[in-house]
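Below: one structure, written as structure tokens.
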Amino acid sequence: MPAYNPKLIEQKWQRLWEKSGLYTTDIANATKPFYNLMMFPYPSGEGLHVGHAYAFSGADVYGRFQKMLGNEVFEPMGFDAFGIHSENYAIKVGKHPAELIEHTTAHYEEQLRKLGNMYDWSHKLSTTDPNYYKWTQWLFLQLYKHGLAERKEADVNWCPSCKTVLADEQVITGRCERCDTETTRKKLKQWFLKITKYQERLLANLDHIDWSEKVKAAQRNWIGKSEGATIHFAVNMPGAGNAEAQKPTTISVFTTRPDTLFGVTYLVLAPEHPLAQQIAQSNADVAAYITKALKKTEQQRIAEVGAKTGIDTGVTATHPATNKLIPIWVSDYVLSGYGAGAIMAVPAHDERDLAFAQTCKLPVVEVITANDTLVNSGQFDGLSTREAQKKIISWLEQNNHGTATTTYRLRDWLISRQRYWGPPIPMIYCDSCGEVPVPKHELPVLLPRLDDFQPKGKGLSPLATVDSFVHVSCPKCGADALRETDVSDTFLDSAWYFLRYPSSDCVDKAFDPKITKRWLPVHMYIGGAEHSVLHLLYSRFITMALKDMGHITFDEPFTTFRAHGLLIKDGSKMSKSKGNVVNPDEYIDTIGADSFRIYLQFLGPFEQGGDFRDDGVQGAIRFLNRLWNIVHKTHRAAKMKDSPDVQAVLHRAIKKVTEDIGTLKYNTAIATIMGFVNSLDADKGGDAILSIDQARLTVQLIAPFAPHITEELWALLHDYDGRSWKKEQSIFNARWPQYNPEFIVETTHTLVVQINGKVRDTIEVTTGLSNDELQKRAFASLKIQTCLQGKLTKKVIVVQGKLVNIVV
RNA sequence: GCCCGGAUGGCGGAAUGGUUUACGCGCAACACUUAAAAUGUUGUGCCGAAAGGCAUGAGGGUUCGACUCCCUCUCCGGGCACCA
């Protein structure tokens with residue numbers, strides 16, 4: 001028997017698979033298409049790490065399983081190679097990103113190939129390829145044409161280190177997602193994609209898509225729907241004689257608790273609020289406060305939680321229900337970007353309002369709700385909170401004091417980046433024609449090769465320094481015009497890539513309608529939960545927009561999405577900054593991809609992740625060696641008749657493994673096969689060894705996890721010749737094992753006998769005995785009789801096939 | 001503060017309300033070996049000499065019976081966060 005040599009076998013089969021085109025999908029004609037997608041990586045200079053290997057091989061297990069079930073599986077791979085991450089790395093190592101990308105993607109591809117995943121490399125794509133980003137630009141223009149892209153001046157997040165603006169989703173508690181630098185606010189004219197137009201649909205669809213629950217929760221959270229009311233308060237502006245001030249003025253506030261209306265003690269305006277600004281013109285103290293507040297960074301504001309500052313404007317408003325005068329304050333604990341930028345403060349029911357009232361020594365109003373019943377609320381006393389909310393809203397509406405209102409936390413997606421490494425936004429500005437889209441036939445707007453590509457700061461992309469790029473003639477009137485010099489966010493590149501893979505050869509369209517109809521939406525998508533509110537939300541938005549524009553017929557891109565877990569090492573998540581990243585290459589080189597894949601997927605449930613420990617890989621190696629030996633022994637013995645003792649265990653394993661792979665419980669699937677293989681080892685008398693057919697079934701069960709060794713053993717069990725091997729002979733083209741229900745019927749089982757719920761004895765009984773018979777057997781047990789001595793039996797519980805519980 | 005996960009042997013982890021600890025790692029003994037590695041066999045929750053008792057983060061509850069269901073709490077991981 002040859003010794004198991006993973007390196008040799010893996011090279012052999014990777015070569016034969018490629019030569020035979022086993023994983024090349026018939027995109028145009030597939031009748032049972034299954035699109036198995038995993039999030040494409042951005043190729044960092046450090047190369048693929050163990051986290052990638054874990055996620056990708058886990059996704060590949062699922063793809064191979066689907067293929068073995070008879071589906072035509074399309075499993076593509078590509079590179080998200082545009083973006084700040086790639087550009088920052090290029091700056092760090094002092095190379096041009098274009099050159100670097102060539103090198104890093106080649107390295108990634110090599111590493112990915114060694115893992116043995118069933119990628120169809122003929123559909124590889126890179127977001128940096130002009131043939132790709134031409135269509136990213138086209139997508140932007142489509143959005144523009146349909147009013148979903150808009151250039152507007154706004155207060156935006158600015159990262160001083162990356163020298164670019166960022167989307168809200170890319171700012172994590174006031175810091176840049178990429179470099180952790182504190183972000184600042186900047187007023188700039190930028191391009192936004194109107195994702196907020198889709199907020200209700202993005203939220204509603206979550207109820208019927210099959211996605212990991214935690215990702216759906218994160219998206220709901222991020223969209224942040226709040227139902228409540230807008231309430232108008234009449235303002236009593238001082239300064240008679242001033243024509244401006246004598247106009248009736250109102251402040252509108254948003255609240256989710258209209259039932260606390262009678263607890264309002266004061267109003268607070270955000271420093272940015274127009275009325276605050278207006279008051280500041282005649283009140284120097286207010287002006288000073290606002291100036292100071294607006295200078296604060298996000299971080300400073302967050303640091304001040306609890307120690308709130310503010311200023312009384314001296315102006316009052318009239319309470320719509322009680323007609324009492326209430327003071328108006330300005331404070332930066334009220335955010336301008338949410339709701340109405342002004343609030344009604346109810347210290348009795350809101351911690352923040354209470355903190356502010358205490359700091360600023362405002363009189364606090366008594367309780368409004370006691371035991372879910374309204375008090376001190378005039379005509380609304382005695383109502384429950386829920387009833388009161390409804391009744392107060394209708395009262396407000398009848399008296400023109402307010403309306404029912406729904407607000408969302410979601411903001412529009414800012415996609416302009418003042419950086420180099422991205423697709424130029426295809427717009428031209430002309431003095432007489434205004435914003436002019438680049439005509440489709442002029443796409444792509446090529447990213448010029450710049451030797452000095454470093455960000456310049458000051459809110460302009462490095463492209464602004466290239467005269468030949470900037471100066472163009474207007475496509476409409478021919479006059480001198482200027483190009484947009486910002487590039488688009490890398491998340492726009494990845495918001496539609498799943499549409500491109502099957503159509504990657506398509507030259508005249510972003511995606512071919514026929515192909516798209518056949519292959520999309522994606523059947524299974526696997527990736528990290530860290531993209532919950534970035535990539536995964538953006539992709540859903542773009543898909544909805546494309547549907548509404550008539551380009552596709554579905555509005556959700558991924559039918560099923562599963563978030564894989566994280567690998568933990570030395571107690572924390574693997575990351576570059578923690579210095580606990582493991583390179584998969586050394587493992588694959590020493591123990592082989594198959595052992596490594598088995599080890600990774602055996603660590604824990606795929607959706608939970610696991611603890612990566614070096615010493616654990618031994619188990620996987622031993623297991624595959626055992627399998628190798630048993631199959632070779634079987635092949636030599638060439639037994640054609642199935643061993644009956646093995647049949648029941650084998651078929652139970654088939655049932656369990658099939659269920660477990662389908663639900664991504666890879667760890668228990670592997671454990672089941674290990675248990676089966678161990679049971680064979682135990683009786684090595686020779687007689688009990690598997691038949692050829694049984695060995696084939698065994699090998700098939702492991703194939704999704706360890707593709708190379710199983711392909712080799714499959715060929716051995718069929719006496720295929722490596723030189724004339726054809727893809728039709730592959731184990732992955734063979735039908736997945738079916739269990740025979742007759743074989744797994746149990747003839748005997750263990751009957752557990754309990755007294756007061758505690759196990760006192762176990763008895764082997766034939767299956768199917770009557771309750772009376774089971775009870776009789778239980779009482780016949782010597783152990784039970786001993787335990788029961790002198791005790792009165794009160795009750796006996798019999799559970800068929802399981803136990804007898806005697807209550808005394 | 002809010003929202004999602006978790007908490008089970010020395011460790012990673014298994015368990016349709018019914019034998020807690022599958023499978024793996026580690027460890028121990030034995031076999032093979034001149035020896036080691038590798039491999040194989042057996043054992044391995046804790047206390048106890050044994051009979052037996054006690055164990056699934058803590059405390060209650062439902063139940064003949066709870067890791068599993070309900071309530072209260074603690075701790076750990078992740079996400080959101082002055083969002084009114």
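Each chain gets a letter, A, B and so on, in the order the sequences are listed, and its residues count up from 1.
- The phosphate of rG40(B) has OP1 or OP2 within less than 4.0 Å of a side-chain N or O from Arg626(A).
- Of the candidates rA84(B), rC11(B), rG24(B), rA84(B) carries the atom nearest the Leu335(A) side chain, counting heavy atoms from C-beta on.
- For Gln754(A) and rG18(B), a side-chain-to-base donor-acceptor distance below 3.5 Å is present, hydrogens and geometry of angles not being considered.
- For Ile568(A) and rG78(B), the CD1 to P distance is 8 Å, given to the nearest whole Å.
- Protein atom CZ of Arg257(A) is 15 Å distant from nucleotide atom C1' of rC2(B), rounded to whole Å.
- Val799(A) comes within 4.0 angstrom of a base, heavy atoms only.
- Between Glu773(A) and Lys776(A) there is a salt bridge, since a side-chain N of the basic residue sits under 4.0 Å from a carboxylate O of the acidic one.
- Donor-acceptor pairing under 3.5 Å is lacking for the side chains of Thr256(A) and Glu227(A).
- Annotation: rC4(B) and rA49(B) have their P atoms spaced 49 Å apart (nearest Å).
- For the P atoms, the distance linking rC11(B) with rA22(B) amounts to 15 Å, nearest Å.
- Pairing partner, rU39(B): rA31(B), with both Watson-Crick or wobble hydrogen-bond distances short of 3.5 Å.
- The listed nucleotides are rC11(B), rC23(B), rA14(B); the one nearest the side chain of Arg613(A) is rC11(B).
- For the P atoms, the distance linking rG45(B) with rG60(B) amounts to 28 Å, nearest Å.
- Salt bridge status for Arg220(A) with Asp207(A): present, with a side-chain N to carboxylate O gap under 4.0 Å.
- When the P atom of rC25(B) is taken as reference, atom CD1 of Ile591(A) falls 13 Å away, rounded to whole Å.
- Looking at heavy-atom distances under 4.0 Å, Arg411(A) makes no contact with the nucleic acid at all.
- The residue among Asn805(A) and Ser226(A) whose nearest nucleotide of RNA chain B lies closer to the 5′ end is Asn805(A).
- The nucleotide rA81(B) finds no pairing partner, because no Watson-Crick or G-U wobble arrangement with both distances shorter than 3.5 Å includes it.
- Rounded to whole Å, the P atom of rA66(B) lies 15 Å from the corresponding atom of rA58(B).
- Contacts of Glu530(A) with the nucleic acid, taken as non-hydrogen atoms under 4.0 Å apart, are absent.
- When the side-chain nitrogen and oxygen atoms of Arg622(A) are compared with OP1 and OP2 of rG26(B), one or more of them lie within a distance under 4.0 Å.
- Within the shown strands, nothing qualifies as a pairing partner of rU56(B) under the Watson-Crick or G-U definition with both distances less than 3.5 Å.
- Atom CD1 of Ile223(A) and atom P of rG79(B) are 19 Å apart (whole Å).
- Both distances falling under 3.5 Å, in either a Watson-Crick or a G-U wobble arrangement, place rG18(B) opposite rC64(B).
- For Pro605(A), counting side-chain heavy atoms from C-beta on, the closest listed nucleotide (rC3(B), rG13(B), rC64(B)) is rG13(B).
- If you check every strand for non-hydrogen atoms under 4.0 Å, Val807(A) touches sugar and phosphate atoms only.
- The distance from atom NE2 of His349(A) to atom C1' of rG1(B) is 18 Å, rounded to the nearest whole Å.
- Residue Val334(A) has its side chain nearest to rA84(B) when only rA14(B), rA84(B), rU20(B) are considered.
- The P atoms of rA29(B) and rA38(B) are separated by 15 Å, rounded to the nearest whole Å.
- An OP1 or OP2 oxygen of rA84(B) is reached within less than 4.0 angstrom by no side-chain nitrogen or oxygen of Tyr333(A).
- In this structure, of rG18(B), rC23(B), rG26(B), it is rG18(B) that holds the atom nearest to the side chain of Ile797(A).
- The CD-P distance, from Gln618(A) to rA37(B), rounds to 13 Å in whole Å.
- Between rC54(B) and Lys758(A), a contact under 4.0 Å exists linking OP1 or OP2 to a side-chain N or O.
- Nucleotides rA7(B) and rG24(B) are separated by 22 Å at their P atoms, to the nearest Å.
- When the nearest nucleotides of RNA chain B are assigned to Asn756(A) and Leu803(A) by heavy-atom distance, the more 5′-ward of the two goes with Leu803(A).
- Only the C1' atoms considered, rC54(B) is 22 Å distant from rG61(B), to the nearest whole Å.
- rA7(B) is paired with rU74(B) under the Watson-Crick or G-U wobble criterion, all donor-acceptor distances under 3.5 Å.
- Pair assignment for rG26(B) gives rU44(B), based on Watson-Crick or G-U wobble hydrogen-bonding distances that are each under 3.5 Å.
- When distances run from any side-chain atom of Val752(A) to the nucleotides rG79(B), rA84(B), rU19(B), the shortest one goes to rU19(B).
- For rG45(B), the glycosidic angle deviates from 0 by more than 90°, giving an anti base.
- Contact check, Asn678(A) against rG24(B): a side-chain N or O comes under 4.0 Å of OP1 or OP2.
- Under 3.5 Å, the side chains of Thr407(A) and Tyr338(A) contain a donor-acceptor pair of N or O atoms.
- Without hydrogens or angle criteria, Asp594(A) side chain to Ile709(A) main chain gives a donor-acceptor distance under 3.5 Å.
- The side chain of Thr672(A) places no N or O atom within less than 4.0 Å of a non-bridging phosphate oxygen (OP1 or OP2) of rC23(B).
- Distances from the side chain of Thr762(A) to the nucleotides rA84(B), rU19(B), rC64(B) place rU19(B) closest.
- Across all strands shown, Leu603(A) has heavy atoms under 4.0 Å from sugar-phosphate atoms exclusively, and none from any base.
- For Lys214(A), no side-chain nitrogen or oxygen approaches OP1 or OP2 of rG5(B) to under 4.0 Å.
- Taking atom C1' in both rC47(B) and rU39(B), the straight-line distance is 36 Å, to the nearest Å.
- Using the six-membered ring where Trp is involved, His564(A) and Tyr54(A) have ring planes that are perpendicular, over 60° apart on the 30 and 60° scheme.
- Side chain to side chain, Trp222(A) and Glu169(A) meet the donor-acceptor criterion of an N or O pair below 3.5 Å.
- Salt-bridge formation is not detected for the pair Lys665(A)/Glu659(A): no Lys NZ or Arg NE/NH1/NH2 atom is positioned less than 4.0 Å from an Asp or Glu carboxylate oxygen.
- For the side-chain contact (heavy atoms from CB on, under 4.5 Å) criterion with Val753(A), the lone passing option out of Ile806(A), Asn805(A), Thr762(A), Val759(A) is Ile806(A).
- Using a 4.0 Å heavy-atom criterion, one finds that Asn667(A) contacts the sugar-phosphate atoms exclusively.
- Taking atom CZ of residue Phe623(A) and atom P of nucleotide rC23(B), one finds them 13 Å apart after rounding to whole Å.
- Summarising the geometry, the separation between OH on Tyr4(A) and C1' on rU39(B) is reported as 17 Å, rounded to the nearest angstrom.
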